[in-house]
Amino acid sequence: MRWVLPLGLTLLVACGGGQTTAADAQADADVVATADVDGGVETPPAGDERFVLDDDGAVLVLHGINVISAAKSDPERLARIDASDVQRIATRWGFNFVRLLIFWDALEPQPGQLDQAYLDAVAERVDLLHAAGVWVMLDMHQDVYAAKFCCDGAPEWAIRDDGEPFEQSSQWFANYYQPAVMRAFDNFWAHDGPHADLQQHYAAAWVAVAKRFRDHPGVLGYDLMNEPFPGSHFDVLEAVTRQSPEDGGPSRQFDEELLGPFYQRLIDAIRAVDRDGWLFFESRYGAPGNGSPSYLPRLSDPRPGAPRLVYAPHLYSVLLEAKGVYQPSDTTIPAWEAEREAEAAALRTPVVAGEWGLAWGADGADRFTREVVEMADRQMMGWAYWSYDPSGPTGWAPWDAATGQDNPLAATLVRPYPRRVTGRPTAFSFAPDSRVFRLELAPDPAITGPTEIFLPPAVYGDGYVLSVDGLAQQGWTSAWDAARAVLSITWSQPAAGSVVVTVSPAAAATP
Ligand code: IDC
């Protein structure tokens, strides 16, 4: 097949040592362009579109956490994590996924100067997590455009607010509606206007990240932009009434005309240097969780082989946050599930909830948490909880800063799940009352390595009983890794129909 290079990409020329230049990027693009790619562009089997796969073709079910909000205000924009944090995340909680925050202002402090030392420091974190078996997704985070306005994101030189007024609000997200912030976003989105350089810089920054991490075995992929805010396309009426206009209004216009094409240009730019990383894209700020649909058009992935794009919207209950109570009438979760399912089918991508979370002390927090993780299992969908930042009694993290101990949230978040499936899962679930975990799959013995199921010690402390139905005993073998609390099953024969793996607590086996 012929590898088609993305068109219309302007890469910026940077000067000086240690920086990415247009020539470098072109050289990389050439390498990709001339690589011997076997086979044609495959249309993946329908079922595969809903899964993130590793390079062996195994399905990855991602359970994880965002690391960390505190990096936003760290002078070097780094997550200050060490071996004990990684131990907590990877071993105690059995997570196989971290959404690691990175920031454009640290990456490109001056126009065209891409700070390789920053990427080296990010790489140290990635190394730590990878050594513990955790996949990392790098998230180019922003909240309210830039640090100058309140929070984090763009470098100062990329703030083009045309002198519009700004008055700081105590609620971080309320700052989005300030004229200066609106204008900064409008100028960013106007990719072919006088501020066209902004998106070109942003793309070049991503190209530098992709070049640095494309060969890192622990980096699963990249989250192109955290919660893209529509600027003056933000539909205030939709946000307030939680009703979307029939024609989609300004939200549809933003998604179709600005956000979708922006993502497509970024995807094309990154693919010129990295054809394997999974590219995660989010819905616009204010969409999911607020009862509004996303109108993103289907994006295309110019890589050879099956697409590696992931729809990564966030899930928060605005009501719960406003009232501090998860009311029985709150329909956030079922509405989110139905809308994301429909959108993912149209986008033809897997879904990973890149952020979801709540203050664990909120009334009904446990029920909300349980409903989200059960919905995710039902959808065979991955997630990253917001966030790891240690917290006190009113915080969001599943552990306590003062004691270092887990809080009640952890008991719900840390649950049995199939970390890796060598074959195609058709359903999995965990019932907390009976403590029975069930995985239904079509095993594929051709995929290297085992199916891995995390079995938390808190759930199966007395041991477990494994049963495999639908395949003769000589068709599989199992092994238990106590240090990782991981049950591995290796398939040596295909099954005629589906296979059901059931794990029950050992106590249940004794009459
Ligand atoms: C929040 C942090 C908070 C911080 C704020 C602004 O929890 O301490 O002051 O960001 O930087 C998001 C954002 C995510 C938010 C999170 C919780 O992506 O950055 O973190 N949230 O409010 N969208 C919806 C919720």
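Everything numeric in this text was worked out from a predicted model, so none of it was measured. Numbering of ligands and ligand atoms starts at 1, following listing order.
- With hydrogens and angles ignored, the 3.5 Å screen pairs no side-chain donor or acceptor of Gln379 with any backbone N or O of Glu341.
- A salt bridge is absent between Arg284 and Glu227: the closest approach of a Lys/Arg side-chain nitrogen to an acidic carboxylate oxygen does not fall below 4.0 angstrom.
- Aromatic rings from Trp383 and Trp356 are positioned such that their centres are separated by under 6.0 Å.
- For a heavy-atom separation below 4.0 Å, the residues in contact with ligand 1 are Ser69, Lys72, His141, Asp143, Cys151, Asp152, Trp172, Asn226, Glu227, Tyr316, Glu355, Trp386.
- For Phe430, there are no ring pair (Phe, Tyr, Trp, His ring centres under 6.0 Å) partners two or more places apart in sequence or in a different chain.
- Outside the 6.0 Å centre-distance limit, the rings of Phe229 and Tyr145 are not counted as a close aromatic pair.
- Note on Arg99 versus Glu355: salt bridge recorded, some NZ/NE/NH1/NH2 to OD/OE distance being below 4.0 Å.
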